[in-house]
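Since this is a predicted model, take the numbers as computed values, not measurements. Both backbone and side-chain heavy atoms feed into the values below; hydrogens, waters and symmetry mates do not.
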Amino acid sequence: MKNWKRYTITSALPYANGPIHIGHLAGVYIPADIYVRYLRKRGKDVIFIGGSDEHGVPITIKARQEGVSPKDIVDRYHNIIKKSFEDFGISFDIYSRTTNKTHFETASEFFKKLYDKGEFVEKTTEQYFDTEANQFLADRYITGTCPHCSNEKAYGDQCEKCGTSLNATDLINPKSTISGSKPIKKETSHWFLPLDKYESFLRKWILEDHKEWKTNVSGQCKSWLDMGLQPRAVSRDLDWGVPVPVEGATGKVLYVWFDAPIGYISATKELTKDWEKYWKDEDSRLIHFIGKDNIVFHCIVFPTMLKAEGSFILPENVPANEFLNLEGDKISTSRNWAVWLHEYLEEFPDKQDVLRYTLCANMPETKDNDFTWKDFQLRNNSELVAILGNFVNRAMVLTSKYFEGKVPAKGNVTDVEKELDKAIIALKADIENSLENFKFREALKALMDVARLGNKYLADAEPWKIYKTDPDRVSTILYYSLQIAGALTSLCEPFLPFTSQKLCKMLTVSTQNWEDVGNIHPLSEGHLLGESFLLFDKIEDDAIQSQVDKLLATKKANDEKSLPVVEAKPEVSYDDFTKMDIRVGTVLEAERVPKTQKLLKLKVDTGLDVRTLISGIAEFYSPESMIGKQVCILANLQPRNIKGVESKGMILMAEGTDGTLKLISPTEVSLNGATIK
RNA sequence: GGCGAGGUAGCUCAGCUGGUUAGAGCGCAUGAUUCAUAAUCAUGAGGUCGACGGUUCAAGCCCGUCUCUCGCUACCA
């Protein structure tokens, strides 16, 4: 295995349009922090990079909604995020932000270099342009009627009601959200990074040279590679971001996904003059901690950027985690379905390590996991309190009872004690192996096994029983028990830094070098221990219940919010109405359209003719159930080719707010061709 | 529909290139114990390893079909 001289550890830059929640922590920051603290403990040269990602369209939209500037938004969230990370003990060497001057310069230079090398492809496309506001419109800045569900508030990139992803040009009656005017299509040119040119390089680099990557990561990459890569735009028409450093590119900024990962480099520059060592020396090991939503950017796009630039090293590993759910539902910032870090820190003061422990023990390493408050309580009460806290407390109480709080003499060591030392060294090795392979849950378990070892030792040795008859033996037992507690100060430091500090205070020692743990006893005979206190408190049912209630309230609020009636449409004339040829028809044949999830192909007798049409109702109606049904159809709708079949007309359906579709039929059988008016 | 990941004890998860009676933690039951925040320690119950079929002397692990969950992607007039 390569002997790395230094480590460059990055953690995904959180997007500055909301605070940090447990999903971010479990997915990215806790594993990164544990890994970094572990490396530091081993005396490695390591830098830990973090920062806020502050550009991009969603921030400008949020700003507009609130009537403030984008800078106000990012300042607000950057400060909340930064403070909550600090209070939580995420030990960044630097927590920067992408609105910094250094970042503007770095990102700009990076782009310029690729530009000068001719790495980009320039393309001209048509985009919507707001003539009143005199600017191009990002997809998110356009609303219109969703061509699928008729929701009139669909965005240019996605309809939030039916979940369909859209192109802005698909929208019916597009409207600029900036001025409210109807946008026009206008040509604009942008720079594209030709990922396709790097496809074979990426394929070899990921799938052959890095077989050690997690299966979820390489699997996702393979999927992208097999689908074929396309050139990707790296600039946008927007006034919020890093300006494109090319003449004539006014009004254009770097695409947020281009500038954000460069933020890792900018932050390193701010941190140290020696930044190039960490980014350009082959002996530096670059590791990106991210969530699964970022895999494509960190494994495909950013490496391509670095490769194209030419002077940078590439990531050695990208240990992406899956997602954490909350009480069975997806975490969602917009739906307020989350446990927010800054709130947790207030509501559970001095319990950083409880959350760190719970999220580590339940980390979504191989698949999505669920966080429940019940589990949080259980892990605290039956693991942290009962195993770790209890062991330390037992050792302390016994020592103060029998030896006035001083580390007693080592005395005659038996095989049991020798085995104990060996076991600690073995568990330390387990922790190392697990962490080197990014198996954080496994590492945490090995840590707890050290405390288990202590509990078992005490239970087997029973010092309270033999004190009267053999105080010297008790002296040895407690000497060793305390050494285990001493070893725990160091071993738990990466995982539970606050507990490590408390334990040090209790034992009046400092943590050891990692190498010494298990080999050198940290506490000397006669050493005076500090005051004993509880490392962890039980968490009672009412504390858990109030958190559950809080979530239930959120759920209720969301349910009420998600039942809006689609708003009224503008008035139409009777003439407008009569243009529609709506009539009754009978379904003669029905079959699923192959290779689709939602489509049925129907043959309908309309009275006028027998025609074929396609309808997106397969999720609600089986082909068999449709045959013989009378339906209402819009018969004079412009025909359209769908999946190779010409669809003439549209079946009318009643749509619920949840997107379910219900067939509309005449309540009594009517003649085919009967018109509806 | 295509692609990727996953479906192993009540819960959360391990199971190396296929090899005797499938493992851990928590929960549960019983016993021991009292130094400890009724904590600890020991023992035990619990699984047709998503379903079916196949390859093999032998399959949780390999192959095929199907099914469910998550993600990406296509489709929705």
Side-chain angles (χ1 to χ4, degrees), chain A residues 145-150 159 162-166 170 172 214-227 292-293 295-296 322-323 325 330 361-372 374-375 378-379 381-387 389-402 439 441-442 444-445 448-449 451-452 454-465 467 474 477-478 481 532 534-539 592-600 613-619 634 637-644 647-653 659 661:
Chain A
T145 303
C146 172
H148 170 233
C149 69
S150 305
C159 172
C162 62
T164 310
S165 58
L166 303 167
D170 294 339
I172 302 161
K214 292 170 66 168
T215 49
N216 58 333
V217 176
S218 48
Q220 187 65 55
C221 290
K222 187 170 187 304
S223 176
W224 279 89
L225 289 168
D226 288 347
M227 262 189 290
K292 69 172 166 186
D293 52 331
I295 289 174
V296 63
E322 302 284 300
F323 282 158
N325 293 325
K330 234 172 270 189
N362 198 25
M363 193 178 283
E365 284 176 345
T366 51
K367 60 175 185 184
D368 290 0
N369 272 158
D370 197 26
F371 175 94
T372 64
K374 187 78 197 148
D375 186 62
L378 214 51
R379 294 229 183 244
N381 292 354
S382 62
E383 295 180 30
L384 289 176
V385 172
I387 296 169
N390 185 38
F391 165 67
V392 169
N393 188 234
R394 295 171 83 184
M396 290 297 289
V397 168
L398 287 166
T399 305
S400 84
K401 188 166 178 178
Y402 299 136
K439 295 187 171 177
R441 288 186 311 224
E442 205 176 86
L444 188 68
K445 215 195 120 207
M448 291 306 282
D449 282 344
R452 287 196 179 90
N455 276 320
K456 182 164 170 52
Y457 178 53
L458 282 177
D460 290 348
E462 302 183 299
W464 49 88
K465 262 193 181 168
Y467 182 66
V474 173
I477 295 165
L478 288 181
S481 299
S532 159
L534 297 175
L535 285 177
F536 301 100
D537 296 309
K538 286 197 110 178
I539 292 175
R592 292 197 64 135
V593 178
K595 301 191 178 186
T596 67
Q597 191 181 330
K598 298 182 179 177
L599 303 186
L600 284 187
L613 47 83
I614 301 290
S615 185
I617 58 174
E619 288 178 310
L634 180 56
L637 187 66
Q638 194 174 22
R640 175 164 169 149
N641 193 311
I642 301 162
K643 281 276 163 189
S647 177
K648 294 178 172 173
M650 172 173 163
I651 306 243
L652 302 188
M653 308 290 293
L661 296 174

Is A:Ile614 touching bases, backbone alone, or none of the nucleic acid, heavy atoms closer than 4.0 Å?
sugar-phosphate
Phosphate oxygens OP1/OP2 of B:rA14: is one of them under 4.0 Å from a side-chain N or O of A:Thr366?
yes
Round to a whole Å and report the spacing from CZ of A:Arg379 to C1' of B:rU37.
20 Å
When all nucleic acid strands are considered with a 4.0 Å heavy-atom cut-off, which category describes A:Asp226: base, sugar-phosphate, or nothing?
nothing
Scan A:Tyr402 against the nucleic acid and name what it touches under 4.0 Å (heavy atoms): base, sugar-phosphate only, or nothing.
nothing
Rounded to the nearest Å, what distance is computed from the CZ atom of residue A:Phe391 to the C1' atom of nucleotide B:rU33?
17 Å
Distance between C1' atoms of B:rG50 and B:rC68 (Å, rounded)
7 Å
Please tell me which of the listed nucleotides, B:rC35, B:rA24, B:rC41, lies nearest to the side chain of A:Leu398?
B:rC35
Rounding to an integer number of angstrom, what distance separates B:rU73 and B:rU8 when you compare their P atoms?
27 Å
Can you tell me which nucleotide in B:rA36, B:rC70, B:rC26 comes closest to the side chain of A:Arg452?
B:rC26
Note: A:Lys214 and A:Glu365 closest approach over all heavy atoms is NZ-O, 3.0 Å
Look at the side-chain N and O atoms of A:Lys456 and state whether any lies under 4.0 Å from the OP1 or OP2 oxygen of B:rA42.
yes
If each of A:Cys221 and A:Ala395 is mapped to the nucleotide of RNA chain B with the nearest heavy atom, which maps nearer the 5' terminus, i.e. the 5' end?
A:Cys221
Is there a side-chain polar atom (N or O) of A:Arg441 under 4.0 Å from OP1 or OP2 of B:rU12?
no
Less than 4.0 angstrom between a side-chain N/O of A:Ser223 and OP1 or OP2 of B:rA5, yes or no?
no
Counting only side-chain heavy atoms from C-beta out, which of B:rU40, B:rG15, B:rC26 sits nearest to A:Glu383?
B:rC26
Can you check whether A:Ile477 reaches A:Leu398 side chain to side chain, under 4.5 Å on heavy atoms?
no
So which nucleotide from B:rU40, B:rU33, B:rC35 ends up closest to the side chain of A:Lys401?
B:rC35
What's the shortest heavy-atom distance between A:Ala361 and A:Arg441, and which atoms?
O-CD, 3.3 Å
Using every non-hydrogen atom in the two residues, find where A:Leu458 and A:Pro463 come nearest and quote the distance to one decimal.
O-CD, 3.6 Å
Let's see if you can work this out: which of B:rG25, B:rU34, B:rC70 has an atom nearest to the side-chain heavy atoms of A:Asp368?
B:rC70
5'-most contact on RNA chain B (nearest-nucleotide basis), A:Lys292 vs A:Asp460, goes to A:Asp460
Short side-chain N/O contact from A:Thr215 to OP1 or OP2 of B:rG6, under 4.0 Å
yes
Determine the Euclidean distance between corresponding C1' atoms of B:rG23 and B:rG60; express it in Å to zero decimal places.
12 Å
Please classify B:rG46 as syn or anti, treating any glycosidic angle within 90° of 0 as syn.
syn
What does A:Ser218 touch in the nucleic acid at a heavy-atom separation under 4.0 angstrom: a base, only the sugar-phosphate, or nothing?
nothing
Whole angstrom is fine here: how far is it from CZ in A:Arg394 over to C1' in B:rU34?
9 Å
What integer number of Å spans the P atoms of B:rA32 and B:rA14?
37 Å
Compare the minimum distances between each of B:rG25, B:rA5, B:rU12 and the side chain of A:Asn362, then state the nucleotide with the smallest one.
B:rU12
Within the structure, does a side-chain N or O atom of A:Lys538 lie under 4.0 Å from either OP1 or OP2 of B:rA39?
yes
Within the 4.5 Å heavy-atom criterion, are A:Leu478 and A:Lys401 side-chain neighbours or not?
no
Taking the side chain as C-beta and beyond, is there a heavy-atom pair between A:Arg452 and A:Lys456 under 4.5 Å?
no
Whole angstrom value for the distance that separates P of B:rA14 from CE of A:Met363
13 Å
Single hit among A:Val296, A:Asn216, A:Ile295 for side chain to side chain contact (heavy atoms under 4.5 Å, CB included) with A:Cys221:
A:Ile295
With heavy atoms under 4.0 Å as the rule, sort A:Leu378 into base, sugar-phosphate or nothing.
sugar-phosphate
With a 4.0 Å cut-off on heavy atoms, is A:Val385 in touch with a base, just the backbone sugar-phosphate, or nothing at all?
base
Report yes if some heavy atom in the side chain of A:Asn393 is under 4.5 Å from a heavy atom in the side chain of A:Leu534; otherwise report no.
yes
What is the distance, rounded to the nearest whole Å, between atom CG of A:Asn325 and atom P of B:rU69?
14 Å
From NZ of A:Lys367 across to C1' of B:rG15 the rounded distance in Å is 14 Å
Ion pair check, A:Glu322 and A:Lys292, cut-off under 4.0 Å:
yes
What does A:Glu322 touch in the nucleic acid at a heavy-atom separation under 4.0 angstrom: a base, only the sugar-phosphate, or nothing?
nothing
Whole-Å gap separating C1' (B:rG4) and CH2 (A:Trp224):
12 Å
For A:Phe536 and B:rU37, give me the distance from atom CZ to atom C1', rounded to whole Å.
13 Å
With sugar-phosphate meaning primed atoms plus P, OP1 and OP2, does A:Ile477 contact a base, only sugar-phosphate, or nothing at under 4.0 Å between heavy atoms?
nothing
Nearest listed nucleotide, side chain of A:Val397, among B:rC35, B:rU40, B:rA24
B:rC35
Could you tell me whether A:Leu458 contacts a base, only the sugar-phosphate backbone, or nothing, with contacts defined as non-hydrogen atoms closer than 4.0 Å?
nothing
Does A:Lys214 reach a base, just sugar-phosphate, or nothing at all? Heavy atoms under 4.0 Å.
nothing
Shortest non-hydrogen pair, A:Pro364 vs A:Phe323, comes out as CB-O, 3.4 Å
So what is the 5' to 3' dot-bracket string for RNA chain B, if pairs are Watson-Crick or G-U wobble with both distances under 3.5 Å, crossing pairs use [ ] and | means the partner sits on another strand?
(((((((..((((.....[...)))).(((((.......))))).....(((((..]....))))))))))))....
A:Trp464 and A:Arg394, any side-chain heavy atoms less than 4.5 Å apart
yes
